[in-house]
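A quick write-up on the structure given underneath.
Just so we're clear, the structure is a prediction, and the values are computed from it rather than from any experiment.
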Amino acid sequence: MEVVVNHISTRASDSSSEAKPNVISYLSTLSKKQIMKELGNVLLYPESYLMAIAEDAQIDDTEAKDMYTLSEWLADKGIELEKSGFHKLANIVSRKYRAVTGAAPRTITRPDDRGKWLIKANGFKKDELHILEEALMELKDKKIQS
C-alpha cells in the first residue's frame with residue numbers, strides 16, 4: 001500500500017489555455033520535512049491537493065543492494081570524470097530518467113568508505129542502465145561541441 005499526494009493541475013497563469021500536468025508525490029520517497037509540507041498543503045488547499053492510497057501502483061520489490069548508483073556504474077565501466085563532469089552527467093541522467101519513466105529515480109543508500117555514514121544516491125535497475133549509457137553519450141557530444 002502506497003500513500004500518494006496528487007497536485008491537481010490548474011490552468012497556467014499566463015494567457016495560454018494549456019493545463020499544467022498533475023504531479024504525484026509518493027510519501028515513501030520524501031523526507032520527514034517534505035512529508036509535513038505535503039500534509040500541510042493537503043489541509044490548507046484541499047481544492048489543489050488530493051491524498052490517496054495508490055492500490056494499483058506497482059510496488060518495486062528490487063532490493064537496493066541489487067541496484068547500481070551512477071558512481072558504481074562509472075567505476076565498473078572504468079570511466080573517471082571530474083566533479084563538474086559527474087554533476088553534469090547526473091543532471092542529464094535525472095532528466096532522461098524522468099522523460100522515460102515519468103518519475104524520479106529511486107533513492108537508495110550506500111555506506112561510505114569507512115562504512116559509517118550512509119550516502120544517498122539514485123539507484124538504477126539493470127534494465128534501466130541504457131538510460132545511463134544514453135546520458136553518457138549526450139555528455140560526450142556536448143563536450144565535443146564545446
Side-chain angles (χ1 to χ4, degrees), residues 1-42 45 48-113 115 117-146:
M1 180 169 60
E2 184 79 35
V3 179
V4 297
V5 174
N6 188 353
H7 306 253
I8 301 168
S9 67
T10 58
R11 296 249 178 237
S13 59
D14 58 23
S15 61
S16 70
S17 61
E18 293 184 30
K20 295 179 181 177
N22 287 356
V23 177
I24 297 175
S25 299
Y26 290 84
L27 267 52
S28 63
T29 64
L30 301 177
S31 67
K32 290 179 187 176
K33 185 177 181 179
Q34 291 169 326
I35 291 172
M36 294 306 293
K37 181 180 177 186
E38 293 290 344
L39 291 175
N41 287 336
V42 169
Y45 309 106
S48 298
Y49 293 88
L50 174 67
M51 183 178 286
I53 297 174
E55 296 175 10
D56 294 336
Q58 292 181 351
I59 297 173
D60 185 11
D61 58 353
T62 306
E63 292 188 30
K65 67 179 181 178
D66 298 330
M67 300 180 84
Y68 290 93
T69 64
L70 182 56
S71 300
E72 293 167 347
W73 180 76
L74 288 171
D76 286 349
K77 292 274 189 186
I79 300 171
E80 293 183 21
L81 295 174
E82 295 177 357
K83 192 171 185 177
S84 63
F86 178 82
H87 286 288
K88 287 177 186 176
L89 179 60
N91 286 331
I92 294 170
V93 167
S94 181
R95 181 175 37 84
K96 283 196 166 296
Y97 189 90
R98 287 174 194 261
V100 170
T101 64
R106 181 174 158 192
T107 302
I108 61 174
T109 56
R110 296 281 197 253
D112 68 354
D113 296 337
W117 305 102
L118 292 179
I119 299 171
K120 291 184 179 179
N122 291 333
F124 303 96
K125 296 183 276 187
K126 287 184 180 181
D127 61 342
E128 298 169 338
L129 295 180
H130 67 91
I131 298 171
L132 304 180
E133 288 280 352
E134 293 170 11
L136 184 61
M137 296 308 286
E138 185 176 325
L139 180 68
K140 286 180 181 178
D141 289 343
K142 284 184 179 183
K143 283 188 176 184
I144 291 171
Q145 292 174 358
S146 48

Got a second to check how far [X]'s [atom1] is from [Y]'s [atom2], nearest 0.5 Å?
X	Y	atom1	atom2	result
H7	E38	NE2	CD	4.0 Å
T101	F124	OG1	CZ	9.5 Å
K125	I131	NZ	CD1	10.0 Å
L39	Y49	CG	OH	12.0 Å
S25	K37	OG	NZ	10.0 Å

Compile the donor-acceptor pairs under 3.5 Å between side chains in residues 82-97 and protein atoms, sequence neighbours left out, one pair per line.
from	atom 1	to	atom 2	distance (Å)
N91	ND2	H87	O	3.3
R95	NH2	E138	OE2	2.7
K96	NZ	E138	OE1	3.3
Y97	OH	E128	OE2	3.0

Exercise for review: Apply side-chain contact (heavy atoms from CB on, under 4.5 Å) to L27 and list each qualifying residue two or more places apart in sequence or on a separate chain.
Suggested key: V3, V5, L30, I35, M51
Practice item. Give the minimum heavy-atom separation between I108 and A64, together with the two atoms involved. Key: CG2-CB, 3.8 Å
Review point. Step by step, would you call L70 with L132 a side-chain contact (heavy atoms from CB on, under 4.5 Å)?
Key: CA-CA 8 Å; L70 182 56; L132 304 180; 4.1 Å; yes
Exercise for review: Evaluate the side-chain contact (heavy atoms from CB on, under 4.5 Å) criterion for residues N122 and T69: first the C-alpha distance (whole Å), next the side-chain angles of each, then the deciding distance (0.1 Å), finally the verdict.
Suggested key: CA-CA 6 Å; N122 291 333; T69 64; over 6 Å; no
Exercise for review: State whether the number of non-hydrogen atoms from other residues, nucleotides or ligands found under 6.0 Å of D76 atom CG is greater than 12.
Suggested key: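 Counting neighbours around CG of D76, more than 12 heavy atoms of other residues, nucleotides or ligands fall under 6.0 Å, so yes.
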Point to revise | Counterpart residues, side chain to side chain donor-acceptor pair (under 3.5 Å), relative to K77 (two or more places apart) | key: E133
